[in-house]
Amino acid sequence: MEADFDFSAAGAMNDEMMDETPSYDAPLKVGEEKEIGNQGLKKKLLKEGEGWDTPDNGDEVEVHYTGTLLDGTQFDSSRDRGTPFKFTLGQGQVIKGWDQGIKTMKKGENALFTIPAELAYGESGSPPTIPPNATLRFDVQLLSWLSVKDICKDGGIFKKILNKGEKWENPKDLDEVLVNYEVRLEDGTLVAKSDGVEFTVQDGHFCPALSKAVKTMKKGEKVLLTVKPQYGFGEKGKQALGNEGAIPANATLQITLELVSWKTVSDVTKDKKVMKKILKEGEGYERPNEGAVVQVKLIGKLQDGTVFINRGYDDGTELFDFKTDEEQVIDGLDKAVMTMKKGEVAILTIAPEYAFGSTESKQELAVVPPNSTVIYEIELNSFIKEKESWDMNTQEKIEAAGKKKEEGNSLFKAGKYLKASKRYEKAVKYIEYDTSFDDEEKKQAKALKVSCNLNNAACKLKLKEYKQAEKLCTKVLESDSGNVKALYRRAQAYIHLADLDLAELDIKKALEIDPDNRDVKLEYKVLKEKMKEYNKKDAKFYGNMFAKLGVLDSKKTAAAPMAIDSKA
């Protein structure tokens, strides 16, 4: 069987077989026979396998088999030899019927395959034991397989799993991994070996293959990598250095790699200015929400190691309590703690923009200089989440919305428009769905929604988010078409969006309702000035355009007689 196909034909065989790979609508029962694909290959289940996983192309499988002709004549058996047969699936190392059939088997499964000549040895047969055009039967047991994956999908790195890892997570680019590895040339020469090496995945280590491979691995997984030159050291190779041997140009490497563990690193603010590295995983899945009361152990340091705060880590120091999203701590610490679980320990690296900014800040144990990046080691000891709307009764929802509105008003007066906007949005969420409210509660909820949406529109105008401001005002006007504030603020948004006609409609309607409104009158003056500017620009634009057209027309008129003269 091993000599049935040359390795040189394996690529073509693979492409063809990809389209013929069978799929079952329902699993076979013991004793049941079904056709696989549409080329006459049949499979009869003799013994069920374990689990649900099946091998795939590139995997190294180990089987026992007995092969017979249709009349029962045996021509081959690994069982008689006492040695299992190993081959790489889907590489054309065996007959097509095997490549197609064994892909459907589970570990330990025993099946009888009936393989037509077209998927076996064809017209030539395999003299002297297998005649031409012979249909064959194989009793096959899948003993085991080693998973081999083309992890870059270009043949550059093949990964064979030696020991399966734990759980399902894989490291990401920002994570710090701890690995053991051993590197050999194809002839077995050891060129590098190292235990307990730590590196950031995206930065890589030794050669590009390591960072590519670890992103596909689980904790505790051990693999054998076959690494082509493009993911090793390419055309230049590598000179001997220290304990590492030389690697020739265009060398294929065999790397045994074990992923011992890794520390998860996340970009909390998505701009790489608040980075969190987990030293110890927390419990469960819950995290503090906005408004939660948290209790933490905390050490804050400057980059030179100067400690400026220590709470809970040394004897005699109390734990540090604060309420999230209340500006009781620096913004970076606030945002990071809301990504943590109870019991989690992490290192936070916080840039000045999310720390103490450009001003000096006196802390408990030291002064933080201006523009300092700070580093915290933090353990989330406990937290009490702020009550969510689905845990409240109707009156509690109205009270919570009113409280958030007042918080928003205070923040707006302090010029903190983004935080104020978030408070107004949260207030509306508490009372957004009012089907369970009684008539009086619905009236209160409507007034709160109108007030919060109008105030939020004012925030959006300050933040130059004019489209959002327009939407919020429109929402108010859908329930209260005569709301002067909504018309006024929507007109402001339209002016900034250069929708001057719509702005004029809103201002005129607002003045019909409240002719003496000073703010609306002033905005009307602003609008008229804008209209004059646009009219002047339009007049200049069209004037220039018509002037250019006039010049072009005059040139054409002047050019016409010359053309006639030249032909004469």
Side-chain angles (χ1 to χ4, degrees), residues 398 401-434 442-546:
I398 290 169
K403 184 181 176 184
K404 289 297 173 190
K405 177 196 162 187
E406 293 307 317
E407 289 174 6
N409 291 350
S410 297
L411 289 164
F412 186 91
K413 288 172 185 173
K416 297 173 182 177
Y417 306 119
L418 183 60
K419 285 185 176 291
S421 174
K422 287 180 179 178
R423 292 294 195 281
Y424 295 132
E425 285 169 4
K426 193 158 187 177
V428 171
K429 280 183 182 177
Y430 280 125
I431 52 176
E432 198 165 10
Y433 304 106
D434 58 4
K442 283 181 179 178
K443 187 177 176 183
Q444 290 175 314
K446 182 181 177 181
L448 274 169
K449 277 188 268 190
V450 166
S451 178
C452 287
N453 283 329
L454 280 173
N455 291 354
N456 197 7
C459 291
K460 298 298 184 185
L461 288 169
K462 293 286 189 182
L463 295 167
K464 299 182 180 180
E465 295 176 11
Y466 303 117
K467 194 67 185 172
Q468 295 302 315
E470 179 265 322
K471 285 181 180 178
L472 287 162
C473 293
T474 298
K475 191 176 282 189
V476 171
L477 291 165
E478 284 169 357
S479 62
D480 181 8
S481 60
N483 191 296
V484 172
K485 278 187 180 178
L487 290 166
Y488 165 64
R489 286 177 186 161
R490 189 167 74 171
Q492 287 181 303
Y494 280 143
I495 289 170
H496 286 289
L497 292 167
D499 290 330
L500 303 186
D501 292 338
L502 292 175
E504 188 173 31
L505 287 172
D506 278 353
I507 285 179
K508 283 182 175 179
K509 186 171 181 181
L511 288 172
E512 285 175 15
I513 299 165
D514 186 2
D516 298 323
N517 190 301
R518 182 172 174 274
D519 290 334
V520 179
K521 285 180 177 179
L522 288 172
E523 199 63 31
Y524 201 6
K525 286 183 180 179
V526 172
L527 175 62
K528 285 178 178 176
E529 288 299 318
K530 287 280 183 187
M531 285 178 156
K532 282 180 185 177
E533 283 178 36
Y534 276 92
N535 288 336
K536 283 179 183 178
K537 286 178 182 176
D538 285 348
K540 187 175 181 181
F541 172 76
Y542 288 114
N544 289 339
M545 186 174 74
F546 289 131

Which atom pairs, one a donor and one an acceptor, fall under 3.5 Å between side chains of residues 412-420 and the rest of the protein, sequence neighbours left out?
| unit_1 | atom_1 | unit_2 | atom_2 | d |
| --- | --- | --- | --- | --- |
| K416 | NZ | E327 | OE1 | 2.8 |
| K416 | NZ | E327 | OE2 | 3.4 |

Heavy atoms, side chains only, cut-off 4.5 Å: are Y488 and D519 in contact?
yes

Is there a donor in the side chain of Y424 and an acceptor in the side chain of N409, or the other way round, less than 3.5 Å apart?
yes

Using the side-chain hydrogen bond (donor to acceptor under 3.5 Å, both in side chains) criterion, which residues pair with Y524? Sequence neighbours excluded.
E504

Can you tell me how far apart CD (E470) and CZ (R490) are? Round to the nearest 0.5 Å.
6.5 Å

Verify the neighbour count for atom NZ of K485: are there more than 12 heavy atoms of other residues, nucleotides or ligands below 6.0 Å?
no

State the CG-CE distance between L500 and M531, to the nearest 0.5 angstrom.
5.5 Å

Do D506 and Y494 come within less than 4.5 Å of each other through their side chains, counting heavy atoms only?
yes

So do the side chains of L487 and I507 get within less than 4.5 Å of each other, counting heavy atoms only?
no

Considering residues, nucleotides and ligands other than K475, do more than 12 of their heavy atoms fall under 6.0 Å from its NZ?
no

State, with a plain yes or no, whether a side-chain heavy atom of V520 is found less than 4.5 Å away from one of D514.
no

Once you round to the nearest 0.5 Å, how far does NZ of K460 lie from CG of N453?
11.0 Å

What I'd like to find out is whether the side chain of V526 reaches to under 4.5 Å of the side chain of E523, using heavy atoms alone.
yes

Of the non-hydrogen atoms in Q492 and L461, which two are nearest, and what is the gap between them?
OE1-CD1, 3.3 Å

How far apart are the closest heavy atoms of L448 and G402, and which atoms are they?
CD2-CA, 4.0 Å

For a quick test of reading the model, state the closest non-hydrogen atom pair linking V476 to A486 and the distance between them.
CG1-CB, 3.9 Å

What's the spacing between L411 CG and S421 OG if we round to 0.5 Å?
10.5 Å

Over all heavy atoms of both residues, which pair between L477 and N483 is shortest? Give the atoms and the distance, please.
CD2-O, 3.8 Å

Going by distance alone, is a donor N or O of one side chain under 3.5 Å from an acceptor N or O of the other, for S479 and K446?
no

Under 6.0 Å from the NZ atom of K426, do we count more than 12 heavy atoms belonging to anything else shown?
yes

Min side-chain heavy-atom separation L497-L502 under 4.5 Å
no

For the backbone of L454 and the side chain of R489, can you confirm whether one donor and one acceptor N or O come within less than 3.5 Å of each other?
yes

Which atom pair, heavy atoms only, marks the closest approach of A427 to C452?
CB-SG, 3.7 Å

If you round to the nearest 0.5 Å, how far is CD of E425 from CD of Q468?
8.5 Å

What I want to check is whether the side chains of E406 and S410 have a donor and an acceptor closer together than 3.5 Å.
no

Distance from K403 atom NZ to R423 atom CZ, nearest 0.5 Å?
10.0 Å

